[in-house]
Amino acid sequence: MDCYTANWNPLGDSAFYRKYELYSMDWDLKEELRDCLVAAAPYGGPIALLRNPWRKEKAASIRPVLEIYSASGLPLASLLWKSGPVVSLGWSAEEELLCVQEDGVVLVYGLHGDFRRHFSMGNEVLQNRVLDARIFHTEFGSGVAILTGAHRFTLSANVGDLKLRRMPEVPGLQSAPSCWTTLCQDRVAHILLAVGPDLYLLDHAACSAVTPPGLAPGVSSFLQMAVSFTYRHLALFTDTGYIWMGTASLKEKLCEFNCNIRAPPKQMVWCSRPRSKERAVVVAWERRLMVVGDAPESIQFVLDEDSYLVPELDGVRIFSCSTHEFLHEVPVASEEIFKIASMAPGALLLEAQKEYEKESQKADEYLREIQELGHLTQAVQQCIEAAGHEHQPDMQKSLLRVGLARGAGWWVLGGAGALEGGVGRPVRSPLLPSGSSQAASFGKCFLDRFPPDSFVRMCQDLRVLNAIRDYHIGIPLTYSQYKQLTIQVLLDRLVLRRLYPLAIQICEYLRLPEVQGVSRILAHWACYKVQQKDVSDEDVARAINQKLGDTPGVSYSDIAARAYGCGRTELAIKLLEYEPRSGEQVPLLLKMKRSKLALSKAIESGDTDLVFTVLLHLKNELNRGDFFMTLRNQPMALSLYRQFCKHQELETLKDLYNQDDNHQELGSFHIRASYAAEERIEGRVAALQMAADAFYKAKNEFAAKATEDQMRLLRLQRRLEDELGGHFVDLSLHDTVTTLVLGGHSKRAEQLARDFRIPDKRLWWLKLTALADLEDWEELEKFSKSKKSPIGYLPFVEICMKQHNKYEAKKYASRVGPEQKVKALLLVGDVAQAADVAIEHRNEAELTLVLSHCTGTADAATADRIQRARAQAQKK
């Protein structure tokens with residue numbers, strides 16, 4: 001720790017920059033970096049190398065090899081390049097490798113060299129070829145910008161949703177620009193290019209000339225330009241050796257630096273830290289690296305070999321054939337603690353801890369000074385924050401020992417000493433005043449109410465970071481990058497690298513919800529497992545089920561879909577057996593052409609909508625005969641399909657009945673068809689005749705006779721319409737009789753009744769009702785006297801009273817038989833006479849009925865007579 005600041009380099013008076021080694025690269029490169037197209041993904045991402053096809057000194061007959069390495073130099077993939085010449089490589093935000101070919105085709109590969117897809121940048125690019133390309137990132141996704149041989153630009157802001165945009169032409173541009181880059185302003189991608197001393201900004205509508213404010217005079221060309229990681233700042237390298245730095249909108253100048261080197265740099269990238277006011281640019285030549293900013297001096301490093309710069313959120317990664325380093329601005333917390341002669345609270349607390357370990361009384365003096373100023377809480381926070389920005393676990397532990405304040409009963413994650421051990425389960429352990437826990441007890445004694453949350457979170461974050469920074473994992477994230485990336489994205493990247501055990505350990509350690517953590521990772525593992533074609537389907541399915549079981553959030557159908565996509569249909573079917581949701585099973589089975597199995601699963605589910613879905617699919621897939629035979633083996637499906645056909649496909653329903661020799665249902669079908677489909681009487685009669693034939697075959701003589709009667713009635717109704725006019729067709733037999741009576745055609749009504757053997761009682765009722773509705777009381781009286789009424793005369797009384805004609809009702813009341821006489825008299829309101837008849841009949845029920853109709857004083861005498869009659873009857 002004594003030499004901790006030895007690699008700090010000041011840039012002006014307010015900032016320090018340091019460069020430390022991430023990994024010693026032990027990769028076996030087949031080409032020198034200078035001879036390769038290089039692409040390194042941000043956030044500690046992988047590195048892709050492909051021999052540059054434009055290097056003439058290499059034999060064109062040798063096919064190049066596309067190599068993908070982790071940030072630590074471990075090989076991830078290697079494949080022989082068999083496609084066209086590649087102009088540019090780049091990584092998407094999802095860590096997919098985009099390879100832009102000379103013909104404008106972009107090939108997309110996975111992290112392990114697996115081909116994903118390809119797309120074209122348009123016919124114009126194909127015709128004019130690609131001169132240069134850039135892969136850039138926006139809030140919408142990853143984009144591609146192309147410079148064609150016609151010196152026109154084409155770009156797509158999101159390769160996931162490809163929408164090509166042809167940028168406006170630059171006036172008078174006859175050759176390729178000296179440099180260009182992409183800018184993202186107001187959620188829109190722009191192109192900034194340099195042509196001689198002029199700068200042009202291209203948007204979707206126009207080409208505008210722009211001038212950087214405060215640019216040093218004498219510039220005849222711009223040699224290099226760089227946009228910051230967040231697209232907020234821009235740096236321009238001129239042929240005069242000046243580096244202009246300002247906002248990306250080119251409206252404000254931040255600073256300008258003269259590096260006294262006019263040779264164009266190999267690379268120029270920004271090196272800035274989030275929320276920092278310092279702005280710096282890193283410029284690389286063959287053997288020199290320079291950090292410049294708003295200061296008269298620069299920081300210079302000697303490069304011993306070809307190096308490549310990778311801009312990051314909070315610094316720059318620099319890798320070569322032998323090393324991988326990180327250059328960044330020293331964070332404020334670290335600077336305040338470790339800067340020489342610093343009197344910051346964190347620095348004093350660190351000194352106090354050192355003296356305490358030496359058993360020196362100076363520890364008490366330092367602590368008293370911090371406490372008197374009331375800065376002990378701030379000192380602890382500074383130490384915890386500084387620990388997050390340290391790369392070495394030893395330094396992390398030292399700072400956390402200082403910052404640990406109140407530890408008894410905390411979840412200390414196995415103590416600060418467990419930080420370098422990777423990811424494990426938290427261990428509840430009291431901090432004993434011995435060994436590595438002495439400093440914790442030391443802090444605890446002087447700060448009683450410091451909340452432990454920040455310390456615990458930092459321990460968790462550092463254990464995760466130390467685990468993924470391991471050489472065998474090779475993801476050198478900083479604390480700032482980790483927080484920006486989020487734990488969910490980090491888990492996705494571990495899954496992408498097939499580091500499933502580590503990802504699961506992190507989920508369990510951080511106690512993430514199962515659906516977001518372990519379940520999701522296990523599902524990805526299973527999808528990878530099904531791609532292992534050297535293992536039998538039975539073994540793979542069993543291994544997946546044993547591992548996943550009934551884990552919530554895991555869909556076996558998704559895993560089965562991946563297996564089917566890999567050409568393992570039988571494995572997909574086995575996996576679907578573990579899927580509890582039929583709604584997920586059936587669609588995939590249909591996709592796999594296993595329709596009969598899908599039908600069985602749908603029927604087992606009891607979901608009629610699902611069954612209908614399968615049936616419609618089967619109907620389109622099979623010929624008619626096979627389809628019907630399949631249905632015959634599934635009674636439930638057949639029944640549902642019949643219901644469907646009744647509403648949608650009547651002809652198909654008829655075919656089903658014919659194939660099954662179901663004459664009863666076929667007859668019913670023809671009857672419905674005669675009313676629904678046919679309008680002509682002849683057609684309807686023909687349909688009814690087929691129905692009658694079908695009923696005879698079904699040995700249902702009643703239905704057959706009824707159908708024949710309906711045929712006769714239809715013919716008769718048509719004849720009546722022709723002869724009498726009016727509407728008769730489709731009336732029932734009773735309604736036809738009633739209509740004839742209402743029309744004054746009683747003779748015809750009686751003839752119709754004889755033809756169809758309508759009983760006399762029913763005919764009398766029909767005529768009685770019709771004449772009463774006509775209020776033809778004279779004809780009704782004649783009808784009542786035509787012969788003895790088969791229905792009696794009480795209905796006459798009831799019908800007349802219904803028509804509110806008491807006068808006519810009294811005519812028939814006198815003709816009512818003795819058993820219904822009382823009721824008839826009561827209907828016409830003659831209570832006294834009804835009482836006389838009831839007394840005469842000596843019928844208790846009739847007496848009670850009459851008594852119930854005696855209301856008011858007018859019927860008091862009648863009620864008394866009834867009571868006396870009942871009393872006399874009881875005496876006898």
Side-chain angles (χ1 to χ4, degrees), residues 1-26 33 38 40 42-45 47 71-73 226 228-229 235 243 257 259 261 265-274 276 278-295 297-335 337-340 386-396 465 469 471 474-482:
M1 193 180 295
D2 294 336
C3 300
Y4 179 77
T5 60
N7 65 341
W8 288 22
N9 298 276
L11 187 65
D13 299 329
S14 56
F16 291 88
Y17 286 80
R18 65 179 173 184
K19 181 160 67 78
Y20 58 83
E21 185 178 275
L22 296 173
Y23 304 106
S24 176
M25 304 293 277
D26 193 24
L33 285 179
V38 183
Y43 294 99
I47 302 169
S72 59
S228 66
F229 194 84
I243 301 173
F257 183 84
C259 67
I261 300 177
K266 287 176 55 181
Q267 278 185 279
M268 182 171 68
V269 298
W270 281 83
C271 181
S272 57
R273 181 169 49 80
S276 173
E278 299 298 326
R279 298 289 179 264
V281 171
V282 181
V283 190
W285 288 270
E286 288 291 338
R287 289 294 180 264
R288 179 183 298 185
L289 189 73
M290 184 180 294
V291 183
V292 302
D294 189 12
E297 305 87 12
S298 64
I299 303 172
Q300 298 196 31
F301 300 94
V302 176
L303 299 176
D304 297 326
E305 51 190 341
D306 290 333
S307 299
Y308 189 84
L309 307 184
V310 185
E312 291 282 6
L313 174 70
D314 54 349
V316 178
R317 283 192 288 142
I318 308 166
F319 64 85
S320 64
C321 291
S322 59
T323 61
H324 196 161
E325 299 173 306
F326 186 66
L327 171 65
H328 72 127
E329 180 190 348
V330 176
V332 174
S334 300
E335 182 180 339
I337 291 175
F338 295 107
K339 189 167 64 174
I340 297 174
H389 295 292
E390 292 303 320
H391 187 74
Q392 295 299 326
D394 289 340
M395 183 56 69
Q396 297 167 4
L465 286 172
R469 288 170 182 169
Y471 175 82
I475 306 178
L477 281 182
T478 65
Y479 180 76
S480 299
Q481 294 169 20
Y482 170 67

Distance in Å, Tyr482 OH paired with Leu477 CG, rounded so as to fall on 0.5 Å steps: 9.0 Å

4.5 Å side-chain heavy-atom contact, Trp285 and Cys259: yes

When you measure from the side chain of Ser72 to the backbone of Tyr471, do you find a donor-acceptor pair of N or O atoms at a distance under 3.5 Å? yes

On a heavy-atom basis, which atom in Pro42 and which in Pro311 lie closest, and how many Å separate them? CB-O, 4.3 Å

Below 4.5 Å, heavy atoms only, C-beta onward: do Gln481 and Asp314 meet side chain to side chain? yes

Hey, mind stepping through Asp306 and Arg287 against side-chain contact (heavy atoms from CB on, under 4.5 Å) and telling me if it holds? CA-CA 7 Å; Asp306 290 333; Arg287 289 294 180 264; 3.4 Å; yes

Where Pro476 and Arg317 come nearest, the two heavy atoms and their spacing: CG-CD, 4.4 Å

Apply ring-ring contact (aromatic ring centres under 6.0 Å, His included) to Tyr43 and list each qualifying residue two or more places apart in sequence or on a separate chain. Phe229

Mind checking whether Phe16 and Trp8 have parallel, tilted or perpendicular rings, split at 30° and 60°? tilted

I'd like to know whether CZ of Arg288 has more than 12 heavy-atom contacts from other residues, nucleotides or ligands below 6.0 angstrom. no

Can you give me the closest heavy-atom contact between Ala71 and Ile47, atom names plus distance? CA-CD1, 4.3 Å

Among residues two or more places apart or on two chains, list those pairs meeting salt bridge (charged side-chain N to carboxylate O under 4.0 Å, His left out) that have a residue in residues 318-328. Lys19-Glu325

Side-chain (Asn7) to main-chain (Thr5) donor-acceptor, under 3.5 angstrom: no

Can you spot which of Leu289, Val310, Val269 makes a side chain to side chain contact (heavy atoms under 4.5 Å, CB included) with Val316? Val269

Between OG1 of Thr323 and CG of Asp304, what distance do you get to the nearest 0.5 Å? 8.5 Å

Return yes if a side-chain donor-acceptor contact under 3.5 Å exists between Glu390 and Tyr20, otherwise no. no

Side chains of Glu312 and Thr478, donor plus acceptor under 3.5 Å: no

If every non-hydrogen atom of Leu313 is compared with every non-hydrogen atom of Ser480, which pair is closest and at what distance? CD2-O, 3.8 Å

Residue pair Lys339 / Val330, side-chain heavy-atom distance below 4.5 Å: no

Stepwise side-chain contact (heavy atoms from CB on, under 4.5 Å) check, Val281 with Phe257: CA-CA 10 Å; Val281 171; Phe257 183 84; over 6 Å; no

Nearest non-hydrogen partners of Ala386 and Ala333, listed with the distance: N-CB, 3.9 Å

Look at the rings of His389 and Tyr479 and say which category their plane angle falls in: under 30° parallel, 30 to 60° tilted, over 60° perpendicular. perpendicular

Let me see the working for Leu309 and Leu327 under side-chain contact (heavy atoms from CB on, under 4.5 Å), right down to the final yes or no. CA-CA 10 Å; Leu309 307 184; Leu327 171 65; over 6 Å; no

Criterion side-chain hydrogen bond (donor to acceptor under 3.5 Å, both in side chains) against Arg273, the qualifying member of Glu329, Glu278, His328: Glu329

When you measure from the side chain of Ser334 to the backbone of Val332, do you find a donor-acceptor pair of N or O atoms at a distance under 3.5 Å? no

Using side-chain contact (heavy atoms from CB on, under 4.5 Å), reason through Ile261 and Met290 one step at a time and then give a plain yes or no. CA-CA 11 Å; Ile261 300 177; Met290 184 180 294; 4.0 Å; yes

Whether over 12 other heavy atoms sit under 6.0 Å from Lys266 NZ: yes

Arg469 vs Glu21, salt bridge (Lys or Arg N to Asp or Glu O under 4.0 Å): CA-CA, chis, key distance, verdict: CA-CA 12 Å; Arg469 288 170 182 169; Glu21 185 178 275; over 6 Å; no

For the residue pair Pro331 and Arg18, what are the closest heavy atoms and their distance? CD-NH2, 4.2 Å

Would you call Val38 and Phe319 a side-chain contact if the rule is heavy atoms closer than 4.5 Å? yes

